[in-house]
Engineer: 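I'd like to ask some things about the structure below.
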Amino acid sequence: MAYVIKESCISCGACEPECPVNAISNGGDKYVIDAATCIECGVCAGVCPVGAPEKA
Ligand code: SF4
Ligand code: SF4
């Protein structure tokens, strides 16, 4: 399991540098999480201004 970034992502980039395992990258129209790398810490959900990351 991992967190996933919903379509509501506005690509602000705030979450990317906060991820402790560098699982987040800019996927083009929105940011994306590498499910194999994510450790479900929830930090991205805490910093996101629009609540886009959620636990899958
Ligand atoms: Fe990174 Fe944690 Fe978000 Fe997973 S839940 S993408 S490990 S910040
Ligand atoms: Fe998208 Fe939220 Fe990450 Fe900003 S913090 S890039 S809105 S998921």
Engineer: Can you tell me how far the CD atom of E54 sits from the CD1 atom of I5, to the nearest 0.5 Å?
Structural biologist: 11.0 Å
Engineer: Would you check if C38 and V21 make a side-chain contact, meaning some heavy-atom pair closer than 4.5 Å?
Structural biologist: no
Engineer: Any side-chain heavy atom of K55 sitting closer than 4.5 Å to one from M1?
Structural biologist: no
Engineer: Taking all non-hydrogen atoms of both residues into account, name the closest pair between C44 and I33 and its distance.
Structural biologist: SG-CD1, 4.2 Å
Engineer: If you compare all heavy atoms of Y31 against all heavy atoms of E16, which two are closest, and at what distance to 0.1 Å?
Structural biologist: CE2-OE1, 3.2 Å
Engineer: How long is the straight-line distance from SG of C9 back to CG of N26, given to the nearest 0.5 Å?
Structural biologist: 8.0 Å
Engineer: Checking side chain to side chain contact (heavy atoms under 4.5 Å, CB included) for the pair V32/S25: CA distance, chi angles, key distance, verdict?
Structural biologist: CA-CA 6 Å; V32 295; S25 61; 3.5 Å; yes
Engineer: Quick one: pull up SG in C48 and CD in E18 and give me the separation to the nearest 0.5 Å.
Structural biologist: 12.0 Å
Engineer: Looking at every heavy atom in both P49 and I10, which two are closest together, and how far apart are they?
Structural biologist: CG-CD1, 4.4 Å
Engineer: Do you know which two heavy atoms are closest between V50 and S8, and how far apart they sit?
Structural biologist: CG2-O, 3.5 Å
